[in-house]
Amino acid sequence: MTVADHLTLNELWRRVKKAKDPIEKHRFKVRASPVTLAVYHAKRGLTAKEIAKITLSSIRWVQETVRRYNREGPEGLRDKRHQNPGQKPKLTPEEQRRVLEALQGPPPDGGLWTGPKLRDWVERELGKKLSLYPIYRLLHEMGFALRVPRPRHAKADGEAQEAFKKTSPPRSRRRGPRGGR
């Protein structure tokens, strides 16, 4: 593998010693040995397969790392995820305000707001088709939490349950877990 002359072997070594960013350090440094470098080994003339074996990485990763180093120099090995702003929001702040206003009242069909009801409202009122995931994420960001009543069996006898609670011994007096003998 050919390595560009951006840094000498000694300069590469110094970069590893000074690297603060763990991603940059990993790209320079080999996981298996704290004193060797992936780019350093490439500059020494090792093959991508040999470097991959030493670094416990894939051959493709080694090739891409050296290619990036050749193209961009030492700056190419930095972690660029910090500059990535991410995907822009699905709804504008004005649209989010309208959603929040709508959530203050009852849904159009009555009952309680649900993810699917809100998704349908957003599509109808704002003209944006969203899946449920961004709807639930939006609700979470707005401070809403899932509130669903505990399920009750349709044939449950409330009086019998209360009578049982009054006549059965407290759990702390039962033997073993869940009252087992």
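Note that this is a predicted model, so its numbers are computed, not measured. Residue numbers start at 1 and run along the sequence shown.
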* Asked: Quick check: are there more than 12 heavy atoms from other residues, nucleotides or ligands sitting under 6.0 Å from CD of Gln104?
  -> yes
* To do: Please report the closest heavy-atom contact between Thr2 and Val66, naming both atoms and the distance.
  => O-CG1, 3.8 Å
* To do: Could you tell me which residues satisfy side chain to side chain donor-acceptor pair (under 3.5 Å) with Lys165, sequence neighbours excluded, listed by chain and number?
  => Glu162
* To do: Just jot down the side chain to side chain contact (heavy atoms under 4.5 Å, CB included) partners of Ala156, sequence neighbours excluded, or say none.
  => His153, Gln161
* To do: Could I get the full list of side chain to side chain contact (heavy atoms under 4.5 Å, CB included) partners for Ile59, not counting sequence neighbours?
  => Ala48, Lys49, Ala52, Gln63
* Structure fact -> What one should report as the nearest heavy-atom pair of Pro106 and Trp113 is C-NE1, 3.8 Å
* State, to 0.1 Å, how close Pro74 and Leu7 come at their nearest heavy-atom pair, and which atoms those are. => CG-CD1, 3.5 Å
Distance-only criterion, 3.5 Å: show the donor-acceptor pairs between side-chain atoms of residues 121-137 and protein atoms not counting sequence neighbours.
{"unit_1": "Lys128", "atom_1": "NZ", "unit_2": "Lys90", "atom_2": "O", "d": "3.0"}
{"unit_1": "Lys128", "atom_1": "NZ", "unit_2": "Glu95", "atom_2": "OE1", "d": "2.8"}
{"unit_1": "Lys128", "atom_1": "NZ", "unit_2": "Glu95", "atom_2": "OE2", "d": "3.4"}

* To do: Begin with the C-alpha distance, continue with both residues' side-chain angles, and end with the deciding distance and a verdict on side chain to side chain contact (heavy atoms under 4.5 Å, CB included) for Met142 and Val99.
  => CA-CA 10 Å; Met142 290 180 167; Val99 168; 4.1 Å; yes
* Identify, with sequence neighbours excluded, every residue that meets side chain to side chain contact (heavy atoms under 4.5 Å, CB included) alongside Asn10. => Thr8, Arg14
* Asked: Which residues satisfy the salt bridge (charged side-chain N to carboxylate O under 4.0 Å, His left out) test with Glu72, sequence neighbours excluded?
  -> Lys80
* Structure fact -> salt bridge (Lys or Arg N to Asp or Glu O under 4.0 Å) pairs touching residues 103-112, sequence neighbours excluded, are Asp109-Lys117
* Structure fact -> Across all chains, not counting sequence neighbours, the side chain to side chain donor-acceptor pair (under 3.5 Å) partners of Glu159 are none
* Crowded around Arg152 CZ? As in, over 12 foreign heavy atoms under 6.0 Å? -> no
* **Pair Val3-Tyr40, side chain to side chain contact (heavy atoms under 4.5 Å, CB included): steps then yes or no** => CA-CA 9 Å; Val3 180; Tyr40 175 81; over 6 Å; no
* Structure fact -> Sequence neighbours excluded, the answer for side chain to side chain donor-acceptor pair (under 3.5 Å) partners of Glu101 is Arg97
* Results of side chain to side chain donor-acceptor pair (under 3.5 Å) for Glu64 - residues two or more places apart only -> Arg67
* Apply side chain to side chain contact (heavy atoms under 4.5 Å, CB included) to Asp5 and list each qualifying residue two or more places apart in sequence or on a separate chain. => Lys43
* Just how far is it from atom CG of Leu139 to atom OG1 of Thr114, taken to the nearest 0.5 Å? -> 9.5 Å
* Sequence-distant partners of His6, ring-ring contact (aromatic ring centres under 6.0 Å, His included), two or more places apart -> Tyr69
